[in-house]
Amino acid sequence: MSEKATITLDGQTYEFPIVEGTEGEKAIDISSLRAETGYITLDFGYKNTGATTSSITFLDGEAGILHYRGYPIEQLAEQASFLEVAYLLLNGELPNAKQLQEFEGNIRYHSLVHEDMKRFFEFYPSNAHPMGILAAMVNSFSTFYPKSQDPNRSIKDVERTIFRLIAKMPTLAAISYKNNLGHPYMYPNNRLGYVENFIHMMFGLPTEDYEVDPVVADALNKLLILHADHEQNCSASTVRIVGSSQANLYSSISAGIAALWGPLHGGANQEVIEMLEAIRNDGSDLEKWVNKAKDKNDPFRLFGFGHRVYKNFDPRARIIKKSCDDILKKMGINDPVLDIAKQLEEIALRDDYFIERKLYPNVDFYSGIIYRAIGIPTRMFTVMFALGRLPGWIAQWKEMVENKEPIGRPRQIYTGATKRDYVPVKDRK
Ligand code: CMC
């Protein structure tokens, strides 16, 4: 592109190239800014800063568009399987039948977790949060598979690490749930599909035959796809930045899990249900809670509302809201919390505070109601988000490595004390 951006500093004008993406997004490439001018840019929360160019996910927050590798999220959620989408994110193209079969086979092959790792679970407190356990266990994989530590890893080793991660995360998640209940762990059943196997490990018992309900498997498949990637969000950026130091992939993903856990990010799905329940227990006075969310002196926020990039609607929330109705109907469940959620949404969407700030329900607003219907406990909701987001994190990490991106290292403007001399303790006032 021949267009340039000019910036005038201290009376001198500098030119910077404009970069345009395949969907028409534009950026000013300021890579040479500091070297040329001595200035840096300052952008708290990176609200205007592109950290990379990427060909994985396209998102238009104003138009409510989300594509993985060019495919609209609506089509993938309706028609694809989660592992197909994982393959797409990792490899750039949808797999043909043979490629998909091979990919599924590789994942299946690695679904067991090392027996020694099971012993770790004995030492977590019984009420340990499953996200804390997941982050620690995924990081622990790096100690069981030391080849993954080598920064000059072979393609085969990297592939194996990717298969292991995708294969073992559901097993770990299910073990942590069983541990919480004090129930025996279920081994993976490799005759089952990926999603079905997870459901079997979560809800099956060695004492009885367990039939996976296809309605539940369908719902979960859709939710995992909807969470599979979301370009440079907080956790994906964390994975990329940790990986940029050439830390191993397990540790990079573990860092992503930690970032996701926060209530402003993936942890919001747990907060939403707890909030809806608190509203219900408080007598369902919705106006009162909306007013609390608007009150700047009250730390309460309407969880599941607002998004850094979506300023019109979150396409994932639309799909989830609809499937929430469908699934509850199919399962014959009447959840009063769903009615509260719908009424809350209606009130907020009519309110000037939310309209002016372009705050709409996000992916986390209705997902918890589906998880609940399926039988997943509230504290596991963010683990479900992590299971879905895993292929996205890996694809982001892979792209960062393949692009040979430099170590991530932002700058700052120092605002602390200027130089002063050390005073020994005895002389200090
Ligand atoms: N309830 C009440 N007010 C809100 C909310 C909310 N949920 N979200 C934003 N605002 C207000 C905020 O107080 C600010 O008002 P003002 O301009 O008067 O100071 C304005 O809207 C802009 O908000 P912001 O916090 O500056 O926006 P952000 O882009 O930094 O934050 C967000 C985005 C998602 C962290 C925020 O909307 C939020 O905290 N939402 C609730 C948590 C949540 O649902 N998170 C899940 C996000 S979707 C899953 C994922 O991908 O992570």
Side-chain angles (χ1 to χ4, degrees), residues 43-49 56-62 64-66 68 73 131 223-239 256-276 278-279 286-321 341 344-371 378 381-393 396:
D43 185 20
F44 291 99
Y46 311 119
K47 292 193 177 193
N48 308 280
T49 299
I56 303 171
T57 289
F58 170 67
L59 197 167
D60 180 336
E62 274 70 34
I65 291 173
L66 175 61
Y68 297 160
I73 190 67
M131 282 297 276
L223 281 170
L224 293 177
I225 291 174
L226 291 173
H227 287 88
D229 193 51
H230 213 233
E231 50 119 298
Q232 307 311 312
N233 55 83
C234 176
S235 55
S237 304
T238 301
V239 170
I257 294 170
L260 186 76
W261 192 2
L264 298 189
H265 192 9
N269 57 12
Q270 175 177 339
E271 300 286 338
V272 170
I273 285 289
E274 287 173 357
M275 171 186 83
L276 294 173
I279 295 176
L286 300 178
E287 296 285 350
K288 171 182 150 189
W289 287 81
V290 168
N291 287 335
K292 264 169 80 63
K294 287 157 48 178
D295 181 355
K296 292 287 164 206
N297 297 316
D298 189 326
F300 174 75
R301 280 194 163 201
L302 213 49
F303 280 96
F305 258 76
H307 200 276
R308 170 62 60 80
V309 284
Y310 291 122
K311 300 297 172 196
N312 187 343
F313 67 91
D314 179 339
R316 303 167 301 172
R318 271 203 180 161
I319 302 172
I320 292 180
K321 184 179 179 186
L344 198 59
E345 177 184 349
E346 240 183 82
I347 295 174
L349 292 185
R350 279 200 314 262
D351 192 295
D352 284 346
Y353 175 95
F354 290 87
I355 295 170
E356 279 160 20
R357 289 169 181 76
K358 302 190 168 149
L359 302 171
Y360 296 86
N362 60 47
V363 68
D364 291 323
F365 196 63
Y366 286 104
S367 62
I369 297 172
I370 305 183
Y371 292 139
T378 313
F381 288 1
T382 315
V383 170
M384 301 309 299
F385 194 149
L387 285 184
R389 185 54 55 88
L390 180 63
W393 285 332
Q396 297 286 344

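Read the numbers this way: they start at 1 and go in the same order the structure lists the ligands and their atoms. As the structure is a prediction and not an experimental result, all values here were calculated from the model.
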* **Nearest-neighbour protein heavy atom for atom 47 (C) of ligand 1, which is reported as residue plus atom name and distance** => Asn362 ND2, 3.5 Å

* Identity of the nearest option to atom 43 (C) of ligand 1, non-hydrogen atoms only, from Ala259, Ala268, Ala236 -> Ala268

* **Minimum non-hydrogen distance to atom 13 (O) of ligand 1, winning option of Arg357, Lys296, Arg316** => Lys296

* salt bridge (charged side-chain N to carboxylate O under 4.0 Å, His left out) involving Lys321 - partner list, sequence neighbours excluded -> Glu345

* Mutual orientation of the aromatic rings belonging to Tyr310 and His230 [parallel < 30°, tilted 30-60°, perpendicular > 60°] -> tilted

* **Under 3.5 Å donor-acceptor, Asn312 side chain and Glu62 backbone** => yes

* Asked: Is ligand 1 less than 4.0 angstrom away from at least one heavy atom of Phe365?
  -> no

* To do: Considering heavy atoms of the protein only, find what lies nearest to atom 28 (P) of ligand 1 and give residue, atom and distance to 0.1 Å.
  => Arg308 NE, 3.7 Å

* Heteroatom proximity flag, Arg301 to ligand 1, N/O under 3.5 Å -> yes

* To do: Do me a favour and list the nearest non-hydrogen protein atom to atom 27 (O) of ligand 1 with residue, atom name and distance?
  => Lys47 NZ, 4.2 Å

* Structure fact -> protein heavy-atom neighbour closest to atom 4 (C) of ligand 1 works out as Leu359 CD1, 3.5 Å

* For Asp229, check salt bridge (charged side-chain N to carboxylate O under 4.0 Å, His left out) against everything at least two apart and list the hits. => none

* Structure fact -> The atoms of ligand 1 lying under 4.0 Å from a heavy atom of Ala293, numbered in the order shown, are 2 (C)

* N/O of Phe303 under 3.5 Å from N/O of ligand 1, yes or no? -> no

* Asked: Which is it for Val272 and Leu276 under the side chain to side chain contact (heavy atoms under 4.5 Å, CB included) test, yes or no, and what are the steps along the way?
  -> CA-CA 6 Å; Val272 170; Leu276 294 173; 3.9 Å; yes

* **Min side-chain heavy-atom separation Gln270-Phe303 under 4.5 Å** => no

* Taking the six-membered ring of Phe354 (Phe, Tyr or Trp), confirm whether the NZ or CZ of Arg357 is under 6.0 Å from its centre and within 45° of its axis. => no

* If you have a sec, work out which protein heavy atom is nearest atom 40 (N) of ligand 1 and how many Å separate them, to one decimal? => Phe305 O, 2.9 Å

* **Whether Tyr68 side chain and Ala228 backbone form a donor-acceptor pair below 3.5 Å** => yes

* Asked: Under 6.0 Å between the ring centres of Phe365 and Phe305?
  -> yes

* Structure fact -> Nearest non-hydrogen protein atom to atom 50 (C) of ligand 1, with distance, is His265 ND1, 3.4 Å

* Would you check whether Lys311 has a nitrogen or oxygen atom less than 3.5 angstrom from a nitrogen or oxygen atom of ligand 1? => no

* Could you tell me whether Gly304 and ligand 1 have an N or O pair separated by under 3.5 Å? => yes

* Asked: Is there any N or O on Leu302 that sits under 3.5 Å from an N or O of ligand 1?
  -> yes

* What do you think, any protein heavy atom under 4.0 angstrom from atom 22 (C) of ligand 1? -> no

* Asked: Which option out of Arg389, His307, Lys294 puts a heavy atom nearest to atom 51 (O) of ligand 1?
  -> His307

* Asked: What's the shortest distance from atom 34 (C) of ligand 1 to any protein heavy atom, and which residue and atom give it?
  -> Gly306 O, 3.6 Å

* Asked: Polar-atom distance check: Asp364 versus ligand 1, any N or O pair below 3.5 Å?
  -> no

* Which pair of non-hydrogen atoms, one from Arg308 and one from Lys311, has the smallest distance, and what is that distance? -> O-CE, 3.3 Å

* Structure fact -> atom 11 (C) of ligand 1: closest protein heavy atom, distance to 0.1 Å, is Tyr353 OH, 3.5 Å

* To do: Decide yes or no on side chain to side chain contact (heavy atoms under 4.5 Å, CB included) for Leu286 and Glu346, but give the supporting numbers first.
  => CA-CA 10 Å; Leu286 300 178; Glu346 240 183 82; over 6 Å; no

* Asked: With a 4.0 Å cut-off on heavy atoms, does Gly45 reach ligand 1?
  -> no

* Asked: Near Tyr353 OH, under 6.0 Å, is it more than 12 heavy atoms from other residues, nucleotides or ligands?
  -> yes

* Pair Asp43, Thr49: side-chain N/O donor-acceptor within cut-off below 3.5 Å -> yes

* 4.0 Å heavy-atom contact, Val363 with ligand 1 -> yes

